[in-house]
Amino acid sequence: MELEAKHISFQYGSDSRQILNDFSLKLTQKERVGLIAPSGFGKTTFCKILAGYEKPDQGEILLDGRPLAEYKGYCPVQMIWQHPEHLVNPRLRMREVLAEGDHLEGRIVEGLGIEPDWLNRYPAELSGGELQRFCIARALGERTRFILADEISTMLDLITQSQIWSFLVQETRQRGIGLLAVSHNLPLLQQVCTRVEDLEQRD
Amino acid sequence: MRRINGRERTVLWFGGALLFLALITIGGRFLAEKAMVTDFSRKNLAPCPAYLFGTDWMGRDMFVRTLTGLSMSIRIGFLAAGVSALLALILGTASAVMGRAVDSVITWIIDLVMGIPHILLLILISYACGKGFKGVVIGVSLTHWTSLARLIRGEVLQLKEAAYIKAAGKLGMSRFKTAWKHMVPHLLPQFLVGLILLFPHAILHEASITFLGFGLSPEQPAIGVILSESMQYLAMGKWWLALFPGLLLAGTAALFDVAGESLRKLLDPGSAHR
């Protein structure tokens, strides 16, 4: 499969700044692409558009040549967000959060270092890093073809960062999942990705 | 003896309040026959061990009459608050999910109902529906749903925009399942607490319009009827005719408030830790 963003333009409201201007990007299932840019250059916005959370003002998102919006039900493009605490319902136990994933294998849960004891807790009883592992696991369901990782490791210590990234790289490579990694951290992207794009210079 | 913690104390308050209210409701229902008995050999007795609340000018036992009246009030409150809360749930949700046009119509109705003084609207509706049990229930139901509807509308609007609900959509969760899994756990506590906190309003308003003569008919043993009749005898020094029924009415309303507030504390884990 191939995920393509074609000539995307976007701004929040008509009188605000043009955040994305005629931006295009192509991503295959074999690639791990890094996207780098300073704050406020629309990295998160681009991920939201690419995953179908926002509609671009101009341009389109194609998955194998078909508009992404035409894929009903489970979306093959899954986004992992920067702030996991907003992505889990505070009134559901973590067991239910994992159950939202699409046929998750035990291997994924173990690989991300999720302790069995955490499953019975509520989100407020876990740290940000622990919550993020659940969000990553949930996004790695059976029908996922592309992962958009938006600053997913900024709140983690270095050891945990390397643990999570090496799992994610191994998992996506093994299953043929395309990865778009967004970060401020160029050395990290160079380590993880097959190529790195700069959103600022393409603008 | 082990000291009980805050949460257990709240459970006790909630259980105690519910038990007491249930006793009044059921007790009053069984005493209904007795409340009608007149006996002129015991009229105008001041409170004494045999007649705790005294007797009136027809020799009716005021304790029994009060219980029966309260029981009636609680049953009216139950029906009216239930209908009202259901109305609030339906209209509040519809307002939040059915688009702009529906939303503006419903918020306009909410503002309209809230803008007119409660008691005035209540009297008008009750009168138009022919007073009595039916008039009171319809009147109270149609005037008390607004603030809960507003609360539910706000909650649903907020939930709709929540990131975890949008993510659930991307994970292929159906709209019905999303509503059940993600929205109901947030809405149910609001709804239950709102429902219980509607009770005291419903009961007090029932008593007030009956007192003013626009509610239940005079032959029914209602608190409002008892209070308005006792007005004529207050000046003659028969203070017990109004004092005890009035106190018990206020106490009942307060107990419902206690029950609602304790339930809120129990269902909202954050407040239980305080």
Side-chain angles (χ1 to χ4, degrees), chain A residues 44 47-55 61 63 68-69 71-104 121-125 131 134-148 150, chain B residues 5-7 10 89 92-93 96-97 99-100 148 151-195 262-274:
Chain A
T44 300
C47 282
K48 276 156 83 174
I49 293 172
L50 204 54
Y53 286 96
E54 291 278 0
K55 266 208 174 83
I61 304 296
L63 185 61
L68 184 67
Y71 289 80
K72 298 292 172 211
Y74 192 89
C75 182
V77 182
Q78 288 291 328
M79 174 168 174
I80 307 170
W81 299 64
Q82 184 176 4
H83 302 291
E85 57 277 13
H86 300 317
L87 271 296
V88 291
N89 188 337
R91 289 188 186 252
L92 292 185
R93 290 180 196 274
M94 299 317 293
R95 186 180 300 286
E96 307 254 8
V97 173
L98 277 192
E100 286 184 305
D102 182 40
H103 300 105
L104 288 188
R121 298 198 199 168
Y122 285 100
E125 298 163 342
L131 280 180
F134 280 91
C135 290
I136 297 173
R138 181 174 68 174
L140 284 168
E142 203 175 73
R143 281 173 284 173
T144 302
R145 295 294 171 261
F146 290 94
I147 286 281
L148 313 180
D150 178 28
Chain B
N5 64 28
R7 195 174 171 81
T10 315
L89 182 69
T93 313
V97 299
R100 246 174 198 210
L148 184 59
L151 200 74
I152 287 176
R153 171 180 173 269
E155 187 77 25
V156 174
L157 278 181
Q158 199 184 352
L159 282 172
K160 249 175 52 178
E161 292 305 310
Y164 54 84
I165 284 181
K166 295 197 160 169
K170 294 284 163 206
L171 286 162
M173 198 183 261
S174 69
R175 296 187 86 179
F176 181 76
K177 204 178 168 197
T178 307
W180 177 249
K181 276 251 152 186
H182 285 301
M183 293 197 169
V184 170
H186 289 265
L187 291 174
L188 194 65
Q190 299 263 26
F191 177 74
L192 284 180
V193 172
L195 173 69
S262 343
L263 186 65
R264 188 208 296 284
K265 275 190 203 157
L266 290 176
L267 289 175
D268 179 9
S271 67
H273 289 303
R274 256 175 253 140

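Chain letters run A, B, ... following the sequence lines, proteins first and then strands; every chain starts at 1.
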Part of A:A124 lying under 4.5 Å from any heavy atom of chain B: neither
Contact origin within A:R138 toward chain B - heavy atom pairs under 4.5 Å: both
Distance-minimising heavy-atom pair for A:R91 and B:P189: NH1-CG, 3.9 Å
Minimal non-hydrogen separation, A:P90 against B:H186, with atom names: CG-CE1, 4.0 Å
A:K55 atom NZ: more than 12 heavy-atom contacts under 6.0 Å: no
Contact winner vs chain A - B:A167, B:S174, B:A162, heavy-atom pairs under 4.5 Å: B:A167
Interface moiety of B:K177 toward chain A, non-hydrogen atoms closer than 4.5 Å: neither
Working for side chain to side chain contact (heavy atoms under 4.5 Å, CB included), residues B:H182 and A:E100: CA-CA 11 Å; B:H182 285 301; A:E100 286 184 305; 2.6 Å; yes
Between A:N89, A:L87, A:V77, the one whose heavy-atom pairs under 4.5 Å with chain B are most numerous: A:N89
Interatomic distance, B:K181 atom NZ to A:E96 atom CD [nearest 0.5 angstrom]: 3.5 Å
